[in-house]
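Chain A is the first sequence line, chain B the second, and so forth, proteins listed ahead of strands; every chain is numbered from 1. All values below were derived from every heavy atom in this structure, side-chain atoms included, with hydrogens, water molecules and symmetry-related copies excluded.
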Amino acid sequence: MALKIYNSLTRQKEVFEPLNAPYVGMYVCGPTVSGESHLGHARPFITFDVLYRYLLHLGYKVRYVRNITDAGHFEEEGKAAEDKITSKAILEKLEPMELVQKYTHLYHWAMDQFNNLPPSIEPTATGHIIEQIEMIKKIIADGFAYEANGSVYFDVIKYNEVYSKKNQPYGILSGRNLEDQLDTTRELDNQDEKKNKVDFALWKKAPVEHIMRWQSPWGEGFPGWHIECSAMATKYLGKKFDIHGGGMDLQFPHHECEIAQSTVCNHEMPARYWVHNNMITINGRKMGKSYNNVVKLSELFDGSHPILTQAYSPMTVRFFILQSQYRGTLDFSNEALQASEKALRRLMDAYEWLKAQSFTSDKKSTDATLDQQLKTWINELPEFMEDDLNTAKVVANLFEMVPVINSLKDKHITADAVSGATWQLVQAQLALYIEQVLGIKVESGVNKKQLNGVIHLLIEIRKEAKAKKDFATSDKIRNQLLEMGIQIKDEKDGEVSFTFS
RNA sequence: GGUCGGGUGGCCGAGUGGCUAGGCAGAGCUCUGCAAAAGCUCCCACAGCGGUUCGAAUCCGCUCUCGACCUCCA
């Protein structure tokens, strides 16, 4: 068995072979922290978290780099631009760092809610301006970029001419033909600093109102969007690394441009496997800011979005995403999430019950068919994972085992139907796949409101017991609550209060 | 217009040339003080039209239809 992943570059599933086993370098494009993350953002991070977890499970030493884009036009999403030039007081000015901080924290909080493992390195674009400038200088020196009026552009036509001969034309990743693009975009062309419409910016001269700016050999400005990933990936993973991931919408132009820049600088294709997750759709349409159909993660978790009838826990959302294979679109709806919530609860109830049982390995099986069936379902789990991370099939197999576990629980079958060794196998492998590989953690369903409700109910029952002079019951309630760290106090006015210790 | 990817039962979603996942919802039964949970059973779909084949939802062609991307933007 070997892990196979779909490589967008070659358009086929390929056996994963690290360049320097057991080390694996993986770069994933992270968020732009100028606004709150939405459900669409969650998919790549959960997808690549599962890939990361699976690689770790296979024993690889993975360096997982996921950047934070904190350089750009800094204006808070949804807020109208204010006049930043005339604003005199420092505290009145828009301070990009403040936004970066706010949304980075929110993003980290969401990642944590999803039980995503933190990446090994989480570099920021603003922390790597020097590396980006150095890279641009190199590209200019090699003749693949030019300065125009304080900005620097990548010469796509020239790159294509030179690298087509080396079997790496511009457009190799997205399957685009440069001539076609020139034809289709010619009409739109106007007077521009760029030599060709297809050229992209490496460095942009900052207009006077642009508040994020840095000194460079070409004047004050800010880096183009694509260069940050090339610079950081090269710095932390080297000229060539194993996996580059991100959403499918980044394939072009972002990743295509990365390939061109990095190839000029480092003289080789930066990554070996390009992995792209598909989009989350809502009513068949990509969830995205431009469509005005985003459901923010915080709205999902507290149920405040109008299309939701209730709040959904982070694990429900994670499970919802893992019920599909990452390369297909996933259609989101309240109904679909409700289905996931119920399914997850059933799975986890069975899993947790089984986890608490103990089996002895010397017990023989009286139902060889069932015993074998369980082993088959378990043995298929790695096969499904290794077939391009087919988490949908993994989940399906987990559900095959749920009725068997529940049958044991409800004594519809006896424990000896299955051998002790097989039960132990099932216990261990469910724990491995549910908790380690899929990263689903047990959520305690109790919140403060519910807990308070329960305590009030007990106080109520205690009152009734006291009224009936049933002091045995009333004392039992008070004493046992106290043992749990909840102290009930009978106040002078007959009311009852409680405190947590 | 160009490039690419889809159309699977009420909903979400796997999938393979023949043995036709899984979840949710729905129906029946069992269990059950009531309810819930749980178990068992049922619900056999693959856009349309042709073609290849002993056999296709799965391969080919056409049609219809939906979507993504198309260079300064997360």
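The main-chain N or O of A:Asp367 is never found under 3.5 Å from a side-chain atom of A:Asp371 such that the two would form a donor-acceptor pair.
Look at A:Lys194 and you won't find any side-chain N or O under 4.0 angstrom from OP1 or OP2 of B:U71. Remark: A:Arg285 is in phosphate contact with B:A68, judged by side-chain N or O atoms under 4.0 Å from OP1 or OP2.
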Dump the pairs, protein N or O against N or O of nucleotides 11-14 of chain B, anything under 3.5 Å, distances to one decimal.
unit_1 : atom_1 : unit_2   : atom_2 : d
B:C11  : O2'    : A:Glu335 : OE1    : 3.4
B:C12  : O3'    : A:Asp331 : O      : 3.4
B:G13  : OP1    : A:Asp331 : N      : 2.3
B:G13  : O2'    : A:Gln323 : O      : 3.3
B:A14  : OP1    : A:Gln325 : N      : 2.8
B:A14  : OP1    : A:Gln325 : O      : 3.4
B:A14  : O3'    : A:Asn390 : ND2    : 3.3

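In this structure, A:Ala396 and A:Cys257 both approach RNA chain B, and ranking their closest nucleotides by distance from the 5' end singles out A:Ala396. Checking A:Lys342 against A:Asn283, the closest nucleotide of RNA chain B that is more toward the 5' end is the one next to A:Lys342.
Listed nucleotides B:U71, B:G39, B:G22 differ in distance to A:Phe399; the shortest reach to its side chain belongs to B:G22.
B:A25 and B:C12 have their P atoms separated by 15 Å, given to the nearest Å.
By the 6.0 Å and 45° rule, A:Arg66 stacks over the aromatic ring of A:Phe45.
Nucleic acid contact class of A:Phe319 (heavy atoms, under 4.0 Å, all strands): none. Within 4.0 Å (heavy atoms only), A:Gly224 reaches no atom of the nucleic acid at all. Nucleic acid contact class of A:Glu341 (heavy atoms, under 4.0 Å, all strands): none.
Taking CH2 from A:Trp218 and CD1 from A:Ile140, the interatomic distance works out to 4.5 Å, rounded to the nearest 0.5 Å.
Closest non-hydrogen pair, A:Ser174 versus A:Phe252, comes out as OG-CD1, 3.3 Å.
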